[in-house]
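Notes for the one structure printed next.
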Amino acid sequence: MTTVSSDFLRIIHDRGFVDACTDTTALDALLREEVVSAYIGYDCTAPSLHVGSLVSIMLLRWLQKTGHRPIVLMGGGTTRIGDPTGRDDARRLMTDAEITANMAGIQSVFAKYLTFGDGPTDARMVNNADWLSTLSYIPFLRDYGRHFSVNRMLTFDSVRMRLERETHMSFLEFNYMILQAYDFLELARRDGIRLQMGGADQWGNIVNGVELGRRCDGLSLFGLTVPLITSASGAKMGKSAQGAVWLNAEQLSPYDFWQFWRNTEDADVGRFLRLFTELPLDEIARLEALEGAEINEAKKVLAHEATTLAHGEAAALAAAGTARAVFEQGGVGEDLPTVTVSADDLAAGIPAPALFTRAGLTVSNGEAKRLIKGGGARLNDTVLDDITRMVTDADLKDGEIKLSAGRKSHALVRVS
RNA sequence: GGAGGGGUGGUCGAGUGGUUAAAGGCACCGGACUGUAAAUCCGGCGGGGUAACCCUACGUUGGUUCGAAUCCAACCCCCUCCA
């Protein structure tokens with residue numbers, strides 16, 4: 001491994017953030033000399049970001065902590081094109097209204113991880129719709145299109161994969177990499193941004209931007225990618241019992257977020273502690289050395305630290321408290337998902353499968369019945385084996401009813 | 001524009017007139033074993049119904065037939081070759 005001496009590169013190397021860099025030595029020198037502005041682009045394809053993006057967010061956080069300036073680029077313009085990277089079919093074109101709504105959700109995530117403002121190392125947020133949507137076709141082609149070799153573009157993974165698999169790729173999508181490259185040039189011109197970072201799958205797009213900067217303006221730009229994070233058993237990271245692991249509390253409760261980290265595979269604990277927490281490396285080394293059931297302590301630390309960053313310490317402690325009550329004492333906790341039913345409904349009796357669905361533990365009555373038949377459903381911690389069972393106010397214990405789907409998913413029913 | 005191939009469930013991929021809600025794999029959800037881990041094994045895996053059963057589904061729309069994912073027609077889209 002290359003020896004680096006700048007704080008930023010040293011830390012991110014040691015913590016396992018670096019997949020590839022266009023010129024480590026020169027970037028290291030630059031980082032020692034001046035405050036470097038670096039950006040990462042995020043497309044607005046969903047109303048929040050999920051843990052897949054968290055590695056890059058932590059990277060921006062370290063950048064800021066080591067005295068540099070992080071720039072968050074919202075892909076308001078490029079999202080209208082659709083990045084073909086890693087996909088073998090075109091994205092559904094999104095409406096401007098969807099993109100705008102998604103952008104608002106994504107912006108709120110960054111406020112928790114970065115300090116925004118006007119100071120030299122304060123983070124800033126920019127939107128590429130500001131310059132992309134006003135481009136004129138002919139001038140753009142003459143000024144920038146001539147720097148792109150189609151022969152070369154065809155060799156990039158994102159395009160080659162489509163060609164090899166013989167799946168359709170529209171000219172619209174083909175242009176994505178050109179626009180992303182142009183973003184880098186535009187940001188370099190506007191704000192002197194020198195470095196673009198991103199996921200390993202963005203390598204080709206990033207290199208295009210570095211080269212465009214050199215060809216057009218003789219700029220010395222840099223690219224750095226972080227590895228795609230998969231779990232030790234090979235699965236793409238980011239699934240919880242409720243689906244994707246979103247970073248917004250509205251999409252995924254802090255309790256479920258905490259649970260996601262608590263359920264990390266043993267083999268991933270050390271790596272995840274380095275990537276997703278800011279604990280000192282010697283402390284992490286101690287935690288990951290724990291054996292057998294002891295390593296659960298390390299998972300709790302991971303859950304606490306990661307949840308504190310995303311949702312604040314109070315939410316992390318509350319989640320831990322609920323988890324302790326539910327898993328270690330077999331009780332209930334305030335953070336469990338709650339559904340309220342009317343007193344009349346409950347007095348009349350609610351079929352158990354319907355109640356499981358209303359509580360969000362199952363998505364349909366059929367699934368709830370299957371859960372019951374399979375022995376995975378519990379009512380107040382007692383296995384429920386009758387799909388015709390009616391749940392009534394007689395089932396209330398201390399004013400609530402605890403429903404469980406499997407060992408890990410629980411919900412509370414209360415009367416309004 | 002011409003010729004040929006193809007569009008199947010979350011995904012990959014079988015299936016060419018009836019027991020096909022559609023083989024198999026993956027993903028996912030339960031159960032057992034555990035440590036709220038991994039691996040392994042078992043079960044489930046469109047919707048509604050206690051059930052009998054009903055509804056929806058194999059690119060789209062029509063048609064043939066007692067009966068269609070399977071046959072026919074038109075249309076849409078993708079791939080390959082030719083011009």
Side-chain angles (χ1 to χ4, degrees), chain A residues 84 86-90 92-93 161-173 230-245 255-273 287-288 290-304 307 319-333 335-336 349-357 359-379 381 383-391 403-411:
Chain A
R87 299 179 65 94
D88 56 6
D89 58 344
R92 184 178 62 84
L93 281 181
M161 197 182 81
R162 294 282 189 90
L163 294 175
E164 281 174 358
R165 300 199 57 175
E166 298 181 347
T167 51
H168 171 73
M169 176 175 219
S170 71
F171 185 65
L172 176 79
E173 295 173 273
T230 53
S231 74
S233 52
K236 195 170 175 179
M237 184 183 174
K239 281 287 170 64
S240 74
Q242 336 297 321
V245 181
Y255 170 73
D256 287 321
F257 189 78
W258 192 94
Q259 277 294 316
F260 166 75
W261 296 104
R262 172 62 185 82
N263 284 306
T264 298
E265 295 175 26
D266 287 8
D268 289 325
V269 170
R271 192 161 52 110
F272 285 5
L273 280 166
L287 288 169
E288 77 176 320
L290 295 171
E291 305 252 339
E294 295 277 292
I295 202 163
N296 284 332
E297 290 311 308
K299 294 181 188 181
K300 288 179 192 171
V301 172
L302 171 62
H304 177 77
T307 307
T322 291
R324 208 177 305 117
V326 171
F327 289 98
E328 294 173 21
Q329 290 148 27
V332 299
D335 273 12
L336 290 182
I350 301 170
L355 194 58
F356 272 81
T357 301
L361 294 176
T362 51
V363 298
S364 68
N365 287 357
E367 188 185 316
K369 287 172 193 167
R370 276 182 243 123
L371 178 73
I372 294 168
K373 284 177 184 165
R378 274 166 295 144
L379 177 74
D381 298 308
V383 173
L384 189 65
D385 54 10
D386 177 9
I387 62 173
T388 65
R389 169 74 144 80
M390 297 298 279
V391 181
L403 300 180
S404 310
R407 299 232 101 73
K408 294 182 189 173
S409 301
H410 310 274

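In what follows, every chain begins at residue 1, and chains take the letters A, B, ... in the order their sequences are listed. Hydrogens, waters and symmetry mates are skipped; everything else that's a heavy atom, side chains included, is used.
A:Trp258 has its CH2 atom 9 Å from the C1' atom of B:U36, to the nearest Å. If you take CG of A:Leu384 and C1' of B:G31, they are 15 Å apart, rounded to a whole angstrom. As rounded to whole Å, 14 Å separates atom C1' of B:U36 from atom CD1 of A:Ile295. Taking atom CD of residue A:Glu265 and atom C1' of nucleotide B:A37, one finds them 7 Å apart after rounding to whole Å. Atom pair A:Glu297:CD and B:U36:C1' shows a separation of 13 Å (rounding to whole Å applied). If you take CD of A:Glu367 and C1' of B:G44, they are 10 Å apart, rounded to a whole angstrom. One can place CD1 of A:Ile372 at 13 Å from P of B:G31, the figure rounded to the nearest angstrom. In this entry the distance linking CG of A:Leu371 with P of B:G30 reads 7 Å, nearest Å.
Scanning for salt bridge (Lys or Arg N to Asp or Glu O under 4.0 Å) contacts around A:Arg262 gives an empty result, with sequence neighbours left out. Under the rule for a side chain to side chain contact (heavy atoms under 4.5 Å, CB included), the partners of A:Glu297 that lie at least two apart in sequence or sit in another chain are A:Leu290, A:Lys300. Partners of A:Asp386 by salt bridge (Lys or Arg N to Asp or Glu O under 4.0 Å), not counting sequence neighbours: none found. Considering only residues two or more places apart in sequence or on other chains, A:Asn365 meets the side chain to side chain contact (heavy atoms under 4.5 Å, CB included) condition with A:Ala354, A:Thr357. Residues that satisfy the salt bridge (Lys or Arg N to Asp or Glu O under 4.0 Å) test with A:Glu291, not counting sequence neighbours, are absent from this structure. Taking the side chain to side chain contact (heavy atoms under 4.5 Å, CB included) definition, one finds that A:Asp385 meets it with nothing, sequence neighbours left out. Here A:Ala320 pairs with A:Trp258, A:Arg324 under the side chain to side chain contact (heavy atoms under 4.5 Å, CB included) rule; sequence neighbours left out.
Nucleotide B:C81 is matched to B:G2 when pairs are restricted to Watson-Crick or G-U wobble geometry with both distances under 3.5 angstrom. The partner of B:C75 is B:G59, by the rule that a Watson-Crick or G-U pair needs both atom distances under 3.5 Å. Pairing of B:C33, defined by two Watson-Crick or G-U wobble distances under 3.5 Å, is not identified with any nucleotide. When both pairing distances are held under 3.5 Å, B:G24 makes a Watson-Crick or G-U pair with B:C12. Shown here, B:C66 forms a base pair with B:G18; the pair counts as Watson-Crick or G-U wobble because both key distances fall under 3.5 Å. Of all nucleotides present, none satisfies the Watson-Crick or G-U wobble test against B:A38 with each distance under 3.5 Å.
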Return the polar atom pairs (N/O with N/O) between nucleotides 49-53 of chain B and the protein under 3.5 Å, or none.
unit_1 : atom_1 : unit_2   : atom_2 : d
B:G49  : OP1    : A:Asn365 : ND2    : 3.4
B:G49  : OP2    : A:Asn365 : ND2    : 3.1
B:G49  : OP2    : A:Lys369 : NZ     : 3.4

Atom pairs, N/O to N/O, protein against nucleotides 21-24 of chain B, distance under 3.5 Å?
none

Table of protein N/O atoms under 3.5 Å from nucleotides 77-79 of chain B N/O atoms:
unit_1 : atom_1 : unit_2   : atom_2 : d
B:C79  : O2'    : A:Glu166 : OE1    : 3.3

Under 3.5 Å, which N/O atoms of the protein pair with N/O atoms of nucleotides 40-43 of chain B?
none

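Closest non-hydrogen pair, A:Gly333 versus A:Val326, comes out as N-CG2, 4.1 Å. Between A:Thr362 and A:Ala368, the shortest heavy-atom contact is OG1-CB, 3.4 Å. Closest non-hydrogen pair, A:Gly330 versus A:Asp381, comes out as O-OD2, 3.4 Å.
Here the nucleotide nearest the side chain of A:Ser364, chosen from B:G35, B:G48, B:A37, is B:G48. Taking the side chain of A:Ala293 as heavy atoms from C-beta on, and the options B:G35, B:G30, B:U36, the nearest nucleotide is B:G35. The side chain of A:Arg407 sits closest to B:U34 out of B:G35, B:G47, B:U34. Considering only side-chain atoms of A:Arg370, the nucleotide from B:G35, B:G44, B:U36 that sits closest is B:G44.
Residue-level contact check: A:Glu294 touches neither bases nor backbone, having no heavy atom under 4.0 Å from any strand. Heavy atoms of A:Thr362 sit nowhere under 4.0 angstrom from any nucleic acid atom. When heavy atoms are screened at a 4.0 angstrom cut-off, A:Ala267 is found touching no nucleic acid atom at all.
Applying the salt bridge (charged side-chain N to carboxylate O under 4.0 Å, His left out) test to pairs two or more places apart or on separate chains, none has a residue in residues 363-378 of chain A.
Rounded to a whole angstrom, the distance from the P atom of B:C53 to that of B:A21 is 13 Å. Distance check on atom P: B:U19 versus B:C12 gives 26 Å, rounded to whole Å. Comparing the same atom, P, in B:A22 and in B:U36 gives a spacing of 38 Å after rounding to whole Å. Distance check on atom C1': B:A14 versus B:U70 gives 13 Å, rounded to whole Å. Between the C1' atoms of B:C79 and B:U40, the separation comes to 42 Å (whole Å). B:G9 and B:U56 are spaced 12 Å apart, taking the C1' atom of each and rounding to whole Å. Comparing the C1' positions of B:A69 and B:G6 gives an interatomic distance of 15 Å, to the nearest angstrom. Spacing of P atoms, B:G24 relative to B:C71, comes out at 24 Å, to the nearest Å.
Taken from OG1 in A:Thr388 to CE in A:Met390, the straight-line distance is 9.0 Å, to the nearest 0.5 Å. Annotation: the span from A:Phe356 atom CZ to A:Ser404 atom OG amounts to 7.0 Å, rounded to 0.5 Å. Taken to the nearest 0.5 Å, the CG atom of A:Leu273 stands 6.0 Å off from the CG atom of A:Leu287. A distance of 11.5 Å separates CD of A:Glu265 from CD1 of A:Ile295, quoted to the nearest 0.5 Å. Here A:Trp261 contributes atom CH2 and A:Asp256 contributes atom CG; the two are 14.0 Å apart, rounded to the nearest 0.5 Å.
When side chains are defined from C-beta on, A:Lys408 counts as touching A:Asn263, because their heavy atoms get closer than 4.5 Å.
Contact between the side-chain N/O atoms of A:Lys408 and the OP1/OP2 oxygens of B:A37 is found at a separation under 4.0 Å.
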